[in-house]
Novice: 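Encoded as structure tokens, here's the structure I'll be asking about.
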Amino acid sequence: MDVSVTMWSLTIVGLCALIAADFFIGGRKPHEVSIKEAGIWTAVWVALAALFGLGLLVFAGGRPSGEFFAGFITEKSLSVDNLFVFVLIMAKFAVPTIYQQRVLMVGVLIALVLRAVFIAAGAAIVSTFSWVFFIFGAFLIWTAWKLVQEARADEEEEEFEENRLLKAVEKRFPSTDQYHSTKLFIMENGKRLMTPMLIVMLAIGTTDVLFALDSIPAIFGLTQDPYIVFTANAFALMGLRQLYFLIGGLLKKLVHLSYGLSIILGFIGVKLVLHALHEAGVHVPEISIPVSLGVICAVLAVTTVTSLYASKKQALAEAGSEEDRARDKDSVDV
């Protein structure tokens, strides 16, 4: 898809306007986000993404539109996995509830800027070296296998570990261990101190870069158009803050999410390898965008249904065990 500099500029200005509206309407004043507010904003961001995809359908055709929707759904599903880590970060830094939405807003903006750099670099590499698809494909298949292994390990609850960049920042700049509203720096005894608010924002933004290591190759497996890659990532990330508050309590119920994501990443990895073979002159079938979109949606639907069923079954089993223990206790007391 041939996108002019003017279109790029208008798109970036439009996204900045949406981010500004989100901030001034819902995120300017620190407050505890309700389920209703999170639900409304989540619906707004999904509707805006749908309108953008339909706009591509009208002005650019079915293929770019299909690639956008496939990329957006993939990035959105992968971003849900990010929320598990965001929960750990919030707990690690003991972020007060009223400040969490501000932390997520700035953290997501940092992540969006860093991803834009990743996308630009990825687009340059892909356009120059077609063999890089073999590397991307192999990496995604390996990541899919790793996800399955981690899910089967059934490890105990994880703890957030700070990355090297974050440790370097904390070591170099003096900081305070108390929050001071939404301030990033304060003056104390004549010294300029960094607050935990800035540290946790950096933690959210830089940690998301680690997730970009698989999500960026994944979307390049669906489309090599930098414009679609960027916009799909932007729309998926910008609604992440509201999604955090909307499904935060449901995250633990998505017990099969890792399996679903592993299937999606493995599928896109195979698609990339086939594409690389095709580019190398080998006659192999290529997976079309409609097929990719159908597989991604089907996997997510099945994963959600089986996760909720398994969670409900586990809850009933735990309730039954509680009743048995209570009955045994009453028998002993008698």
Novice: When clusters are formed by joining ILVMFWY residues with side-chain heavy atoms under 4.5 Å apart, either directly or through shared neighbours, do I186 and M197 land in the same one?
Specialist: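 Unlinked, I186 and M197 end up in two clusters.
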Novice: Verify the cluster assignment for V132 and V282: are they in a single hydrophobic cluster under the rule of side-chain heavy atoms below 4.5 Å apart?
Specialist: yes
Novice: Evaluate the criterion side chain to side chain contact (heavy atoms under 4.5 Å, CB included) for residue pair L18 and W45; output intermediate values, then yes/no.
Specialist: CA-CA 9 Å; L18 291 175; W45 283 116; 3.7 Å; yes
Novice: Taking side chain to side chain contact (heavy atoms under 4.5 Å, CB included) as the definition, give me every residue that meets it alongside T6, ordered by chain and number, with sequence neighbours left out.
Specialist: S4, L10
Novice: Calculate, to the nearest 0.5 Å, the distance between atoms CD1 and CZ belonging to I268 and F220 respectively.
Specialist: 13.0 Å
Novice: Would you compute the distance between atom SG of C297 and atom CG of L293 and round it to the nearest 0.5 angstrom?
Specialist: 4.5 Å
Novice: If two hydrophobic side chains count as joined below 4.5 Å and joins carry through other members, does V46 share a cluster with L300?
Specialist: no
Novice: Can you name the residues that form a side chain to side chain contact (heavy atoms under 4.5 Å, CB included) with L109, not counting sequence neighbours?
Specialist: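 Only I19 meet the side chain to side chain contact (heavy atoms under 4.5 Å, CB included) criterion with L109.
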Novice: Out of curiosity, does L265 fall in the hydrophobic cluster containing I135 (side-chain heavy atoms, cut-off under 4.5 Å, transitive links)?
Specialist: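 Same cluster.
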Novice: Establish whether V270 and V284 are linked, either directly or via other cluster members, by ILVMFWY side-chain heavy-atom contacts under 4.5 Å.
Specialist: yes
Novice: With a 3.5 Å distance limit and no angle check, can you tell me whether S65 reaches the backbone of G61 through a side-chain donor-acceptor pair?
Specialist: no
Novice: How long is the span from the NZ atom in K146 to the CG atom in L140, to the nearest 0.5 Å?
Specialist: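 Spacing of NZ (K146) from CG (L140) equals 13.0 Å.
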Novice: What's the verdict on side chain to side chain contact (heavy atoms under 4.5 Å, CB included) for L184 and M194, showing C-alpha distance, side-chain angles and the deciding distance?
Specialist: CA-CA 6 Å; L184 305 181; M194 183 171 57; over 6 Å; no
Novice: Look only at the side chain of E75 and the backbone of G71, and say whether a donor-acceptor pair between them is shorter than 3.5 Å.
Specialist: no
Novice: If you group Ile, Leu, Val, Met, Phe, Trp and Tyr whenever their side-chain heavy atoms sit less than 4.5 Å apart, what else falls in with L54?
Specialist: L57
Novice: Take a 6.0 Å sphere around CH2 of W8 and say whether it holds more than 12 heavy atoms from other residues, nucleotides or ligands.
Specialist: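 Correct, the count exceeds 12.
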Novice: Set out, in order, the CA-CA distance, both residues' side-chain angles and the distance that settles side chain to side chain contact (heavy atoms under 4.5 Å, CB included) for M201 and R102, then state yes or no.
Specialist: CA-CA 9 Å; M201 285 177 178; R102 178 65 62 85; 3.9 Å; yes
Novice: Does V305 sit in a hydrophobic cluster with other residues, and if so which ones, taking ILVMFWY side chains as linked at heavy-atom separations under 4.5 Å, directly or through other members?
Specialist: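 Besides V305, the hydrophobic cluster comprises nothing; the residue is isolated.
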Novice: Distance from L51 atom CG to L56 atom CG, nearest 0.5 Å?
Specialist: 11.5 Å
Novice: By side chain to side chain contact (heavy atoms under 4.5 Å, CB included), which residues pair with Y309, not counting sequence neighbours?
Specialist: K313
Novice: What heavy-atom pair brings F69 and A50 nearest, and what distance separates the two atoms?
Specialist: CZ-O, 3.7 Å
Novice: Can you name the nearest heavy-atom pair linking I264 to S77, along with the distance?
Specialist: CD1-OG, 4.4 Å
Novice: Counting distance only, does the side-chain N/O of T195 pair as donor-acceptor with the main-chain N or O of Y179 below 3.5 Å?
Specialist: no
Novice: Can you list every pair that meets side-chain hydrogen bond (donor to acceptor under 3.5 Å, both in side chains) and has a residue in residues 292-305, with sequence neighbours left out?
Specialist: none
Novice: Please lay out, stage by stage, how L198 and F185 fare under the test side chain to side chain contact (heavy atoms under 4.5 Å, CB included).
Specialist: CA-CA 8 Å; L198 177 58; F185 294 94; 3.5 Å; yes
Novice: Distance from E37 atom CD to Q242 atom CD, nearest 0.5 Å?
Specialist: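 Rounded to the nearest 0.5 Å, the CD-CD separation comes out at 8.0 Å.
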Novice: With sequence neighbours excluded, what pairs up with H256 under the ring-ring contact (aromatic ring centres under 6.0 Å, His included) test?
Specialist: none
Novice: Got a second to check how far L222's CG is from I73's CD1, nearest 0.5 Å?
Specialist: 10.0 Å
Novice: Do any N or O atoms from the side chain of Q100 and from the backbone of V95 form a donor-acceptor pair under 3.5 angstrom?
Specialist: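 Checked: pair present.
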Novice: Are any non-hydrogen side-chain atoms of L272 and F134 less than 4.5 angstrom apart?
Specialist: no
Novice: According to side chain to side chain contact (heavy atoms under 4.5 Å, CB included), who are the partners of V295, at least two apart in sequence or on a separate chain?
Specialist: F267, V291, V299
Novice: To which residues is V58 joined in a hydrophobic cluster, defined by side-chain heavy-atom contacts under 4.5 Å among Ile, Leu, Val, Met, Phe, Trp and Tyr, whether direct or through other members?
Specialist: F59
Novice: Could you pull out all donor-acceptor pairs under 3.5 Å where a side-chain atom in residues 228-237 meets a protein atom, sequence neighbours excluded?
Specialist:
residue : atom : partner : partner atom : Å
T231    : OG1  : Y227    : O            : 2.8
T231    : OG1  : I228    : O            : 3.2
N233    : OD1  : R115    : NH1          : 2.7
N233    : ND2  : V229    : O            : 3.0

Novice: Sequence neighbours left out, what pairs pass salt bridge (charged side-chain N to carboxylate O under 4.0 Å, His left out) with at least one residue falling in residues 53-65?
Specialist: R63-E67
Novice: Does the S262 side chain pair with the main chain of Y259, one donor and one acceptor, at a distance under 3.5 Å?
Specialist: yes
